[in-house]
Amino acid sequence: MGIGSNRVENFECRETVLTIPAEAMLPPPPQQEEEIHKVCLPPKQTTFQKLKHKLSEVFFPDDPFYKFQNQSWLRKVILGLQSLFPVFEWGPGYTLALFKSDIVSGLTIASLAIPQGISYAKLANLPPIIGLYSSFVPPLIYSILGSSRHLAVGPVSIASLVMGSMITEAVSYNEQPTLYLKLAFTATFFAGVFQASLGLLRLGFVIDFLSKATLVGFMAGAAVIVSLQQLKGLLGISHFTSKMQLIPVMSSVFHRKDEWSWQTIVLGFIFLLILLGTRHISIKKPKLFWISAAAPLTSVILSTLLVFLLREKAPGISVIGHLPKGINPPSLNMLYFTGPQLALAIKTGIITGILSLTEGIAVGRTFAGLKNYQVDGNKEMMAIGFMNMAGSCSSCYVTTGSFSRSAVNYNAGAQTAISNVVMSAAVLITLLFLMPLFHYTPNFILAAIIITAVIGLIDYQAACRLWNVDKLDFVACVCSFFGILFISVPMGLAIAVGVSVFKILLHVTRPNTIVLGNISGTQIFQNLDRYRDASRVPSFLILAIESPIYFANSTYLQERILRWVREEEERVKATNDSPLKCVILDMTAVTSIDTSGIETICELRKMLMQKSLQFVLANPGGNTMEKLHKSDALERFEFNGLYLSVGEAVKDISSLWKRLP
């Protein structure tokens with residue numbers, strides 16, 4: 001057997017000496033002598049090779065260069081263009097039949113994008129025309145750079161809310177409209193730079209800190225605040241708070257009762273019920289999606305006509321007013337790169353950039369999954385980033401893929417990103433010729449459209465699932481929700497991210513340790529608390545660690561393992577069971593270890609030796625094994641201190657004990 005050897009060899013020992021029969025029982029009969037598998041070190045690599053492999057795994061997990069292998073020079077150029085500009089990938093195969101589908105879907109989402117663009121611009125405290133500008137240029141950029149066939153690009157409620165609330169805290173549009181516009185365009189520019197940088201540097205994992213739980217609470221809280229803010233338009237209030245917290249908003253509603261307009265209230269709630277009704281119909285019967293898609297524009301037309309006819313009998317109804325005709329004016333000269341508010345623009349840009357990027361990629365992947373094609377996250381980051389950078393220079397604010405418009409785009413039969421081009425063309429015609437028609441569009445219809453759009457962000461079923469599955473995730477969700485309602489939008493988001501990071505730290509610093517038992521008649525060892533068939537192996541305490549061993553958790557693990565040993569000794573004493581002789585540490589789930597972890601392993605061995613207990617390691621991973629070997633920690637374990645599996649450790653040590661007097 002392995003007596004006299006620690007059974008550690010270099011990577012050449014790839015083949016095992018003898019396979020242990022599956023029917024082997026614990027302990028084995030004395031006459032059955034079997035070779036024990038050797039524990040191999042990973043292949044030798046230089047520091048450069050290790051660094052190269054690590055960087056490749058971190059930044060290129062999808063191996064984007066594989067398709068360039070064994071290709072001609074011309075083919076590599078074509079593949080490079082397709083990688084940078086996805087339009088070259090699907091463009092050559094574009095047909096008239098696809099164009100017909102894209103025209104229908106593009107016109108359909110345009111009917112939704114025009115009223116939503118106007119509404120969301122007001123949500124960001126920007127002139128309504130900015131919302132239409134933002135529905136014209138960015139979709140054109142995305143159609144060239146984007147990899148999603150169904151993503152409908154334009155302003156969205158969450159980014160509009162965050163931008164409006166953050167800039168308004170420092171600058172009022174009514175008092176300093178030029179500065180406000182400069183900050184909005186500059187924030188959009190920095191949002192684009194941040195987004196494109198994440199894509200170019202392949203740092204998409206940064207946005208993963210916005211967990212699903214955080215987003216569920218954030219979206220719900222933002223939806224509530226946005227809806228309450230629309231009471232200004234639904235009630236006809238002229239002087240309304242610019243704050244985004246629940247208490248100031250409700251206080252402003254009830255302290256301004258003298259400004260309530262009964263005509264606005266009646267018409268506003270009638271149209272709101274109509275819009276909610278059409279939304280409900282489309283949810284229940286997806287084939288009737290066109291009803292909810294056409295409802296906003298139809299409502300705008302009807303309400304505008306109604307207010308125009310009643311303009312003398314009901315002069316108190318607030319309307320949009322004059323909107324300038326023409327395409328986007330350049331705004332490069334309005335970018336704000338010096339001055340006291342630059343930090344605010346950068347902060348607003350980064351936060352809105354993260355939120356819009358998260359929403360856009362999530363929406364794109366959702367519909368890509370339905371049609372069984374892939375959306376490249378890094379390409380999407382670059383596409384969204386570059387379109388926001390271009391938008392900031394053409395009087396646009398932050399845009400991304402909208403879930404509501406993308407759902408309509410998908411249901412309308414969109415085949416490629418040309419549907420975004422068709423939508424932009426429809427918006428262009430509106431900007432050039434139809435702007436005077438929006439003069440009498442009432443503000444209450446914009447409020448009703450916004451409420452209808454954001455109410456779907458309140459996902460109470462997802463919150464219930466979080467409660468059932470993970471209580472800490474539910475806490476993050478609730479913190480995000482109430483933080484937005486009672487503190488502020490950025491602080492609510494920060495609190496939720498903080499709770500999520502705390503959860504990560506909790507798992508890292510307090511990893512799970514379990515006691516394993518043998519399932520009778522097998523070489524399988526599983527958690528004693530989970531499997532009734534698992535039973536303790538006499539004289540052995542088998543522990544498993546389910547995390548890497550780092551400086552952050554090494555002290556905790558040492559204390560916890562010693563506690564397991566103490567509790568096992570107390571159990572043995574209370575039950576008169578076989579005395580504890582050996583502690584086996586199953587390192588299967590220990591993916592990595594640092595110097596503090598190695599020191600902890602050595603300290604544990606020393607402490608257990610003082611208790612006359614043998615300490616054994618089982619199945620350390622390649623990275624862990626290499627570091628243990630280089631630190632000379634394995635030499636301290638002498639013979640019978642390292643095994644390929646828990647089963648072999650128990651078998652070998654048990655047979656050794658039987659040989660001893």
Practice prompt. Could you tell me the separation between the OG atom of Ser172 and the CG atom of Leu179, rounded to the nearest 0.5 Å?
Written response: 10.5 Å
Item to complete: Could you tell me which residues satisfy side-chain hydrogen bond (donor to acceptor under 3.5 Å, both in side chains) with Gln263, sequence neighbours excluded, listed by chain and number?
Response: Ser261
Worksheet item: What side chain to side chain donor-acceptor pair (under 3.5 Å) pairs are there with at least one residue in residues 343-370, not counting sequence neighbours?
Response: Gln195-Ser356
Worksheet item: Is the backbone N or O of Ala152 less than 3.5 Å from a side-chain atom of Ser406, with the two atoms forming a donor-acceptor pair by type?
Response: yes
Discussion item. Side chains of Tyr133 and Ile327, heavy atoms from C-beta outward: is any pair under 4.5 Å?
Written reply: no
Fill in: Side-chain touch Gln245/Phe486, heavy atoms, less than 4.5 angstrom
no
Practice prompt. Just jot down the salt bridge (Lys or Arg N to Asp or Glu O under 4.0 Å) partners of Arg256, sequence neighbours excluded, or say none.
Written response: Glu259
Worksheet entry | Minimum side-chain heavy-atom gap Leu140-Asn420 below 4.5 Å | no
Worksheet item: Should Ile141 and Asn388 count as side-chain neighbours, where that means a heavy-atom distance under 4.5 Å?
Response: no
Discussion item. Could you check whether any side-chain heavy atom of Leu335 comes within less than 4.5 Å of a side-chain heavy atom of Ser392, counting everything from C-beta outward?
Written reply: yes
Worksheet item: So do the side chains of Ile484 and Met491 get within less than 4.5 Å of each other, counting heavy atoms only?
Response: no
Fill in: CA sep, side-chain torsions, deciding dist, call: Thr399, Ser134, side chain to side chain donor-acceptor pair (under 3.5 Å)
CA-CA 7 Å; Thr399 54; Ser134 303; over 6 Å; no
Worksheet entry | Student check: side-chain heavy atoms of Leu123 and Ile450 closer than 4.5 Å | yes
Fill in: From CE (Met381) to CZ (Phe194), nearest 0.5 Å
9.5 Å
